[in-house]
Amino acid sequence: MRAVKVTGAQVKDWLERSAGMFNQVEPGATDAVLLNPEFPSYNFDVIDGVTYQIDLSQPSKFDREGNVVNEGANRIVELMYEGKPVTDDMEFVIATNNYRASGGGSFPGAKGDTIIFEAPDTNRDVIVRYIVEQGTIDPKADDNWSFKPLENTTVLFETGPKARDLLSDVDGAKIEDAGDGENGFALFRITL
């Protein structure tokens, strides 16, 4: 485990880098492909403690390797901390792993020079100890991020067919079964 100290500007750019997971979508598009197949899924981070929306109508600010390719891109909107807008000069401490904190994935604010704490334990060991101490846990997503609504726009993504069993558990999201995908996957539609 590592902790990094970053600014609000770095938090925003960290999330901008992560938002490369999604393709740019033209407002009004019908069944556009949501996920960018060129983006390594292990580079999709969510930062808990802040709330935000991802505006898919904007291009990605970073390319696959983390280089800035669209300086003016602004996918991360409504970035808030405790109900107030995050400003560039705010300071945050983010708990992460040694890979990310040391530059893995080329994330702004995580290049090895912002580390303020190095724990001897792995993230996995901390989580295992927590579960053992608690006995039973009931984890739930806190819905701290969403896609910015785009009128008359739908996107498609593939995932495992067992996800169909969980559709009734999705809070407020407009996700529906869209049939079968390729290679045994299920296809789902999100109305933005």
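For the numbers below, each heavy atom of this structure counts, side chains included, while hydrogens, waters and symmetry mates do not.
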*Check the pair F147, F22 against ring-ring contact (aromatic ring centres under 6.0 Å, His included), reporting the backbone distance first and the verdict last.*
CA-CA 10 Å; F147 295 118; F22 306 110; 5.0 Å; yes
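- Counting heavy atoms from C-beta on, the side chains of L187 and T159 never come closer than 4.5 Å.
- The minimum heavy-atom distance between N36 and G20, with the atom names listed, is ND2-O, 3.4 Å.
- Residues E158 and F188 have side chains not in contact (no heavy-atom distance under 4.5 Å, counting atoms from C-beta outward).
- With values rounded to the nearest 0.5 angstrom, W145 atom CH2 is found 13.0 Å from T51 atom OG1.
- Here the side chain of D13 pairs no donor or acceptor atom with the backbone of E16 at under 3.5 angstrom.
- Across all their heavy atoms, F39 and F44 have their closest contact at CE2-N, 3.9 Å.
- In this structure a side-chain-to-backbone donor-acceptor pair under 3.5 Å is present from S18 to D45.
- S60 and N70 make their closest contact through O-ND2, 2.7 Å (heavy atoms, listed as atom of the first residue, atom of the second, distance).
- When all heavy atoms of G28 and T153 are compared, the pair lying nearest together is N-OG1, 2.7 Å.
- No more than 12 heavy-atom neighbours from other residues, nucleotides or ligands sit within 6.0 angstrom of OH on Y81.
- Side-chain contact between F157 and V33 is absent, with no heavy-atom pair separated by less than 4.5 Å.
- V77 and W14 fall into different hydrophobic clusters, where Ile, Leu, Val, Met, Phe, Trp and Tyr residues are linked whenever their side-chain heavy atoms come under 4.5 Å apart, directly or through other members.
- Of the inter-residue distances, the one linking Q24 atom CD with S57 atom OG reads 7.0 Å to the nearest 0.5 angstrom.
- Ion pairing between R189 and E176 holds under the 4.0 Å rule for side-chain N and carboxylate O.
- F62 is listed as a side-chain neighbour of V68, based on a closest heavy-atom distance under 4.5 Å.
- D88 has no carboxylate O lying under 4.0 Å from a charged side-chain N of K12, or vice versa, which leaves the two without a salt bridge.
- Grouping the Ile, Leu, Val, Met, Phe, Trp and Tyr side chains by contacts below 4.5 angstrom, directly or via other members, places V25 apart from L156.
- D121 and R2 are not joined by a salt bridge, as no carboxylate oxygen comes within less than 4.0 angstrom of a charged side-chain nitrogen.
- Of the possible polar contacts, one joining the R17 side chain to the G105 backbone as a donor-acceptor pair under 3.5 Å is found.
- Note that CG of L15 and CD1 of I76 are 5.0 Å apart. Values are rounded to the nearest 0.5 Å.
- Considering OG of S102 and CG of N97, their distance stands at 8.5 Å, rounded to 0.5 Å.
- By the criterion of side-chain heavy atoms lying less than 4.5 angstrom apart, applied directly or through intervening Ile, Leu, Val, Met, Phe, Trp or Tyr residues, V46 is grouped together with M21 in one hydrophobic cluster.
- With values rounded to the nearest 0.5 angstrom, L192 atom CG is found 11.5 Å from K148 atom NZ.
- Without hydrogens or angle criteria, S106 side chain to G66 main chain gives no donor-acceptor distance under 3.5 Å.
- V6 is listed as a side-chain neighbour of I94, based on a closest heavy-atom distance under 4.5 Å.
- Of the candidates T154, T191, I190, T191 is the only one forming a side chain to side chain contact (heavy atoms under 4.5 Å, CB included) with K174.
- Distance check, rounded to the nearest 0.5 Å: CG of L150 to CG of D55 gives 6.0 Å.
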*Show your reasoning for whether side chain to side chain contact (heavy atoms under 4.5 Å, CB included) applies to V4 and I116.*
CA-CA 5 Å; V4 296; I116 59 169; over 6 Å; no
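- Within the cation-pi definition used here (under 6.0 Å to the ring centroid, within 45° of the axis), R100 qualifies as a partner of F107.
- Residues M90 and P85 share a closest heavy-atom pair of CE-O, 3.7 Å.
- Judged purely by atom type and a 3.5 angstrom limit, T7 has no side-chain atom pairing as donor or acceptor with the backbone of E91.
- Between D180 and R164, the shortest heavy-atom distance links the atoms OD1-NH2, 3.2 Å.
- N144 contributes a side-chain N or O that, together with a main-chain N or O of V50, makes up a donor-acceptor pair within less than 3.5 Å.
- A 6.0 Å sphere centred on CD of Q134 holds more than 12 heavy atoms belonging to other residues, nucleotides or ligands.
- Of the charged side-chain nitrogens involved, none lies within less than 4.0 Å of a carboxylate oxygen, so that D142 and K140 do not count as a salt-bridged pair.
- Around the CD atom of E151, the shell of radius 6.0 Å holds no more than 12 heavy atoms that belong to other residues, nucleotides or ligands.
- The backbone N or O of L35 lies less than 3.5 Å from a partner atom in the side chain of N23, making a donor-acceptor pair.
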